[in-house]
Number of protein chains: 2
Amino acid sequence: MLKTVIDMEKATVILKLLGDKTRLTMMKILDDQSCCVCEFVEIFKASQPSISQHLRKLRDIGLVQEERKGQWIFYSVNKENEYYPFVQQILNQLPSQDDKLKELEEQGTRITCC
Amino acid sequence: MLKTVIDMEKATVILKLLGDKTRLTMMKILDDQSCCVCEFVEIFKASQPSISQHLRKLRDIGLVQEERKGQWIFYSVNKENEYYPFVQQILNQLPSQDDKLKELEEQGTRITCC
DNA sequence: TGATTATATAAGTAAATAGTTATATTATTA
DNA sequence: TAATAATATAACTATTTACTTATATAATCA
C-alpha cells in the first residue's frame with residue numbers, strides 16, 4: 001500500500017474544513033457522484049448562500065471542482081488533487097450517504113439533466 | 001482489514017478537534033509516546049493554560065488520558081477509545097513529529113522521571 | 001511548614017466562522 | 001426581450017474558538 005504523507009500545515013487546513021457536518025457530508029456524497037447546488041439546498045434544508053459558501057471553501061483548497069451544465073453548476077470531487085488520498089482515507093471510514101440522494105429521487109427533486 | 005464505520009456526528013466532532021495544528025501535532029506525538037504538559041509548553045512555545053485547554057478538549061472526548069506521576073501529569077493516547085481506529089488512520093498519514101521531542105532531549109528539557 | 005513547581009480552571013477578549021439578507025450574474029424560457 | 005431560475009458574492013450579525021490574565025489546587029523540596 002502506498003503510504004501518503006501530507007504536511008502538518010495542509011492536513012490541519014483540510015481537517016478543519018472537514019470538521020463541519022455539512023461539508024463532511026457533502027464530500028462523502030460527492031465522492032460517489034456529482035451533485036448540483038440546488039440538490040444540496042434540498043438535502044441540507046439550508047439556504048442557497050450557505051450551501052454556496054461551503055462549496056466555495058471546498059473548492060478554494062481544490063477538493064472539489066465545478067462544471068456548469070446549462071443553468072446548473074455541478075460539483076464533483078477533484079480526485080486529481082494532491083491531497084485527495086488523505087481525504088479519501090477519511091471518507092472511506094464514514095457511513096454511506098446514498099440515502100440522502102435517494103430521498104430526492106423519491107421526491108422527484110433530483111436534477112436529472114445528465 | 002476491518003472496516004470501521006463511525007457516525008457522521010462523531011466524525012465531525014473529532015475532525016474539528018484535529019483541525020487545529022497544536023492538537024493535531026499533540027496527537028501525532030502522543031500516538032508514539034506519553035508526554036507531560038510542560039513538555040508541550042516547550043515544544044509549542046505556548047502558554048501553559050493554552051496547552052492545558054487543548055489537552056482538556058482532547059480528553060473530554062476521550063482521545064487522550066492523563067496519569068499523574070508526582071508533580072507531573074502525563075498524557076497518552078487512549079487506544080481503547082471506540083474512535084481510535086478512525087483517528088489512527090489519519091495520524092498514520094502524517095509525518096513523524098519525533099524531532100520535536102528529540103530537540104527537547106538535546107536541550108535537556110525532556111522530563112526523564114520515568 | 002513555607003516556597004516552589006506543575007497543572008487546571010475561570011473570566012475576559014480578540015479573531016475566526018457560519019449563517020442571514022440583499023444584490024449581482026448567467027442561463028433559460030415565455 | 002422581459003421574466004424566471006440557479007448560483008455567487010458582499011455585507012452584516014451571532015456564535016464559536018483560541019488565547020490571555022488571574023487564581024486555585026496539588027505535589028515536592030528546602
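The sequence lines fix the lettering, A, B, ..., with proteins before strands; numbering per chain opens at 1. Basis for what follows: all heavy atoms, side chains included, without hydrogens, waters or symmetry-related copies. No experiment lies behind these values; they were computed from the predicted model shown.
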Here the distance between atom C1' of C:dA18 and atom CG of A:Leu55, to the nearest Å, is 14 Å
Output for pair (B:Cys36 SG, B:Ile73 CD1), nearest 0.5 Å, gives 9.5 Å
Separation between CG (B:Asp99) and CD1 (B:Ile43), nearest 0.5 Å, reads 9.0 Å
Return the polar atom pairs (N/O with N/O) between nucleotides 9-11 of chain D and the protein under 3.5 Å, or none.
unit_1, atom_1, unit_2, atom_2, d
D:dT9, OP2, A:Arg56, NE, 2.8
D:dA10, N6, A:Gln53, NE2, 3.2

A:Ile73 CD1 to C:dT25 P, in whole Å, measures 15 Å
Rounded to whole Å, the CH2-C1' distance (B:Trp72 to C:dA8) equals 18 Å
Rounded to whole Å, the CG-C1' distance (B:Asp60 to D:dT17) equals 15 Å
Going by an N to O cut-off under 4.0 Å, is there a salt bridge joining B:Lys79 and B:Asp31? yes
Side-chain atoms of B:Lys57 come closest, of D:dT7, C:dA8, D:dT17, to D:dT17
Determine: side-chain N/O of A:His54 to OP1/OP2 of C:dG19, distance under 4.0 Å, yes or no.
yes
Would you say B:Ser47 reaches D:dT20's phosphate, i.e. side-chain N/O to OP1/OP2 under 4.0 Å?
-> yes
Value for OG1 (A:Thr22) from CE (B:Met8), rounded to nearest 0.5 Å, stands at 9.5 Å
In whole angstroms, the gap separating C1' of D:dA5 from CD of A:Glu39 amounts to 15 Å
Rounded to whole Å, NZ of B:Lys45 lies from P of D:dC19 at a distance of 16 Å
Please walk me through it: do B:Gln88 and B:Asn92 pass side chain to side chain contact (heavy atoms under 4.5 Å, CB included)? CA-CA 6 Å; B:Gln88 189 181 30; B:Asn92 281 345; 3.9 Å; yes
Sorted by number, residues from residues 10-22 of chain B placing a heavy atom under 4.0 Å from DNA chain D are B:Lys16, B:Asp20
Rounding to 0.5 Å, atoms CG (B:Leu15) and CG (B:Leu24) come to a distance of 10.5 Å
Atom CZ of A:Phe74 and atom C1' of C:dT26 are separated, to the nearest Å, by 16 Å
Notebook entry, point to check: B:Gln93 side chain to B:Gln89 main-chain N or O, any donor-acceptor pair under 3.5 Å?
Noted result: yes
Say whether, by atom type as modelled, one donor and one acceptor occur between the side chain of A:Glu67 and the main chain of A:Gln65 under 3.5 angstrom.
-> no
salt_bridge(A:Lys45, A:Glu42) N-O dist < 4.0 Å: yes
Rounded to the nearest 0.5 angstrom, the CD-CD distance for B:Gln53 and B:Gln48 is 8.5 Å
Short side-chain N/O contact to C:dA8 OP1/OP2 from B:Tyr75, under 4.0 Å:
yes
Using a cutoff of under 3.5 Å, can you pull out all pairs of nitrogen or oxygen atoms linking the protein to nucleotides 25-29 of chain D, with atom names and distances?
none

ask   = Have A:Tyr83 and A:Asn78 got a donor and an acceptor in their side chains that come within less than 3.5 Å?
value = no
When rounded to whole Å, the CD1 to P distance for the pair A:Ile51 and C:dT20 reads 10 Å
Rounded to the nearest 0.5 angstrom, the CG-CE distance for B:Leu55 and B:Met27 is 10.5 Å
